[in-house]
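Let me begin by presenting the structure, written as structure tokens, before commenting on it.
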Amino acid sequence: MWAQMITSYLKPGKEDQLATLTAQLKAAEQPDSGLVHSTATRDSKDPSRVIMFVVFESEEKARARENDPRRQEGLTEARATMMEIFEGAPEFTDLTVIDDWSL
């Protein structure tokens, strides 16, 4: 498995639009994209800091998903929302998953 941690900072007063963004991202998702799971979080000590963890079957599937034309129309709306609510560009951290479990 492979993952990305995506860190962004909310503009003041835009906190209520995070639910809109996550709904837009979910709606753009396509079957067989390689996505295993996605988690959106806010920093408890700095609520303007938003961190998303996105886990994939492999880096290859994740990279193919980035260019999947089936997602592009849905992502247009999500990108517009991101431009409206986030300060600057997001920071992407690529991660190799060593272990992934849940109860």
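Values below: all heavy atoms of this structure, side chains included; hydrogens, waters and symmetry mates excluded.
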Using the side chain to side chain contact (heavy atoms under 4.5 Å, CB included) rule, take Thr39 and Thr41 through it: C-alpha gap first, then chi angles, then the decisive distance, then the call.
CA-CA 7 Å; Thr39 303; Thr41 66; 3.8 Å; yes
Glu66 and Arg63: side chain to side chain contact (heavy atoms under 4.5 Å, CB included), yes or no, with the steps?
CA-CA 5 Å; Glu66 289 174 2; Arg63 299 297 181 198; 2.9 Å; yes
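Counting Ile, Leu, Val, Met, Phe, Trp and Tyr side chains that sit under 4.5 Å apart, directly or through other members, Trp101 shares a hydrophobic cluster with Leu103.
The pair Asp68-Arg70 meets the salt-bridge criterion, with a side-chain N (NZ, NE, NH1 or NH2) lying under 4.0 Å from an Asp/Glu carboxylate O. Under the 4.0 Å criterion applied to side-chain N and carboxylate O atoms, Glu29 and Arg65 are assigned as salt-bridge partners.
Annotation: the span from Ser33 atom OG to Arg71 atom CZ amounts to 7.0 Å, rounded to 0.5 Å. To the nearest 0.5 Å, atom CZ of residue Phe86 and atom CZ of residue Arg79 are 14.0 Å apart. Here the straight-line distance linking atom CD1 of Ile6 with atom CZ of Phe92 works out to 5.0 Å at 0.5 Å rounding. Distance check, rounded to the nearest 0.5 Å: OG of Ser38 to CD of Gln4 gives 10.5 Å. The line from CE of Met1 to OG1 of Thr96 is 11.5 Å long, rounded to the nearest 0.5 Å. The CZ atom of Arg42 sits 11.0 Å away from the CE atom of Met52 when rounded to the nearest 0.5 Å.
Side-chain atoms of Ser8 never come within 3.5 Å of backbone atoms of Pro90 as a donor-acceptor pair (strictly under, hydrogens ignored).
Annotation for Glu73: atom CD does not count as buried by contact number, only 12 or fewer foreign heavy atoms lying within 6.0 Å. Counting heavy atoms of neighbouring residues, nucleotides and ligands inside a 6.0 Å radius, atom CG of Asp32 does not exceed 12 of them.
When the side chains of ILVMFWY residues are joined at heavy-atom separations under 4.5 Å, either directly or via intervening members, Met82 and Phe53 end up in two distinct hydrophobic clusters.
Leu95 pairs by the side-chain contact (heavy atoms from CB on, under 4.5 Å) definition with Ala3, Met5, Thr93, not counting sequence neighbours. Taking Ala28 as the reference, Leu75 meet the side-chain contact (heavy atoms from CB on, under 4.5 Å) condition, with sequence neighbours excluded. Under the side-chain contact (heavy atoms from CB on, under 4.5 Å) criterion, Lys26 pairs with no residue, sequence neighbours left out. Scanning for side-chain contact (heavy atoms from CB on, under 4.5 Å) contacts around Tyr9 gives Thr7, Asp46, Ser48, Arg49, Glu87, with sequence neighbours left out. Legend: residues meeting side chain to side chain donor-acceptor pair (under 3.5 Å) with Glu57, ordered by chain and number and at least two apart, are Lys61.
Val50 places a side-chain heavy atom less than 4.5 Å from the side chain of Leu18. At a threshold of 4.5 Å between non-hydrogen side-chain atoms, the residues Asp100 and His37 count as touching.
The nearest pair of heavy atoms linking Ala62 to Trp2 is CB-CZ3, 3.5 Å. Counting all heavy atoms, side chain and backbone alike, Pro47 lies closest to Leu10 at O-CD1, 3.9 Å.
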